[in-house]
S.K.: 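This is the structure, below, for whatever I ask next.
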Amino acid sequence: MTLSINTKRLQEDIETLASIGRREDHGLYRMAFSDGDMEGRAWFKQQLEEAGLEVYEDGAANIHGRLNWNEETPAVVTGSHLDTVPSAGHLDGALGVLVGLECLRSIKEQNLPLRYPMEVISFTDEEGRFGGMVGSQSIAGQLTPESIHQAIDLDGITLSEAMQERGYDAMHALHARYRPEAIHAFVELHIEQGPILDQMGLSVGVVDAIAGLFKWEVSLIGTANHAGTTPMHMRNDAFQGLAEFSSEIQRILEENGSARSVATIGRVDIKPGAPNVVPGRVEFSLEARDTDEHTLEDLQHAFRKALSAIARRRNLMFEFKILSEIAPVKCDLGLVRDLEDVAKQLNHEPLVMASGAAHDTQMMARIARAAMVFVPSKGGRSHSAAEWTELVDIERGANVMLNALYRIAGEQAA
């Protein structure tokens, strides 16, 4: 039996939600606990109620829509997030929530028999106003009282303050944790946020791993001096150290990384920053990602070794501070195979691929079997008002999700 979502209804949901939080620059502003976010949350809860699903909001302000809920039986769970970055596109996160709603709605309307209850979740603050993935971290048991107290946005507003203003107690997020045995499987649909599927002309990607990362703040310290009177061979030029290091990145990735390794210098601050002064200090960010934990460790060692060698050759000091480290996640191979099989049965050739971006699945995989479905992003655009996915690709990805979720949760499920 092949199931199909109601494409017209899903399109209407996408368009309605895309109008919530939109401003003059055509971008969406639904940052966690903002006015736009609260309006989007209220709309989503209304859709769950109208669909006849049980609505539950936990202590982390995650919104749950439940079908055939039974506390004694593990659930098949899907979902993503409704919050956005500033001036965002309309599909990042939101598409996964709306497809999850449509899947549960379709299964309920067709009165399909279920072995496992089903649930769609809209997770709180995935996009990082207060650090990122607050909702899925709470369900995965990754929050602590300290992490909640320390969560703060760029304007100095704490998570506790923002939640209190909306009638929530942030400390109640500690009670949102799910027991691992409460989840039979978790599957999230998301736009790719990259160019691979679009360039290959494919509608469906199946994610087998989500990259981890390390992010450093690096300083190379030399000597500021007059740009006209200091001979080139007598300079301790911090920027030249950075220039040499940047040219080494590709070599390091080839020798110590994998085909899935990437590294980026995204921010540079040159001091004192005057045209006629040899740079005495340069501070820059270095972020590297890969899907294998050991590869990330090798890259850290190689980058430190390269920076130390450059600093010695150029008579510079080298310092670095670790800003963040996130462990990579392997998706469940059984779920990956299920998603591949369903896609092929629907006559779509899926691409098994890694996710270079973080997702709520990264947290849910800590307590449950988990996997993801990607649909293409036109031109690889995301976190932008230019974000777009063709409706035909959305429909294909949604039908893969519907049939896969029913295969996992249905009466014949293992």
S.K.: We want to know whether E387 and S382 form a side-chain donor-acceptor pair, criterion being a heavy-atom distance below 3.5 angstrom.
M.R.: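 Judged by distance alone, the side chains do pair up.
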S.K.: Quick one: do the T7 and E395 side chains pair a donor with an acceptor below 3.5 Å?
M.R.: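 Distance-only check passes for T7 and E395.
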S.K.: Under 30°, 30 to 60°, or over 60°: which ring-plane class applies to H64 and Y56, parallel, tilted or perpendicular?
M.R.: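 Answer is tilted, since the angle falls between 30° and 60°.
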S.K.: May I ask you to decide whether D393 forms a salt bridge with K378, counting only side-chain N to carboxylate O separations under 4.0 Å?
M.R.: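 No salt bridge links D393 with K378.
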S.K.: Taking it one step at a time, do Q362 and I326 satisfy side chain to side chain contact (heavy atoms under 4.5 Å, CB included)?
M.R.: CA-CA 9 Å; Q362 203 151 2; I326 299 176; 3.5 Å; yes
S.K.: Measure the acute angle between the ring planes of H172 and H175, then classify it against the limits of 30° and 60° as parallel, tilted or perpendicular.
M.R.: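 Ring orientation of H172 relative to H175: tilted.
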S.K.: Verify the distance criterion only: is there a donor paired with an acceptor across the side chains of Q193 and D92 at less than 3.5 Å?
M.R.: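 Side-chain D/A pair, Q193 to D92: present.
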S.K.: Centre of Y29's six-membered ring, under 6.0 Å away, within 45 degrees of the axis: is that where NZ or CZ of R23 sits?
M.R.: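 Yes - R23 lies over the ring of Y29, closer than 6.0 Å to its centre and within 45° of its axis.
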S.K.: For the CH2 atom on W388, are there more than 12 heavy atoms of other groups (residues, nucleotides or ligands in this structure) within a distance under 6.0 Å?
M.R.: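 No, not enclosed.
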S.K.: Examine the side chains of T84 and R30 and answer whether a donor and an acceptor come within less than 3.5 Å of each other.
M.R.: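 Side chains of T84 and R30: no pair found under 3.5 Å.
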S.K.: Please find out if less than 6.0 Å separates the ring center of F374 from that of H359.
M.R.: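 Here the rings of H359 and F374 have centres that are less than 6.0 Å from each other.
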S.K.: Distance only, no hydrogens: is a donor on one side chain within 3.5 Å (strictly under) of an acceptor on the other, for S138 and N62?
M.R.: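 Yes - a donor-acceptor pair under 3.5 Å links their side chains.
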S.K.: Are side-chain N/O atoms of T16 and E12 paired as donor and acceptor at under 3.5 Å?
M.R.: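 No, E12 and T16 have no side-chain donor paired with an acceptor closer than 3.5 Å.
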S.K.: If you count heavy atoms of other groups shown closer than 6.0 angstrom to NZ of K330, is the number above 12?
M.R.: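 More than 12 within 6.0 Å, yes.
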S.K.: State whether a side-chain donor-acceptor pair under 3.5 Å links S19 with R22.
M.R.: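 Not at all, the side chains of S19 and R22 share no donor-acceptor pair under 3.5 Å.
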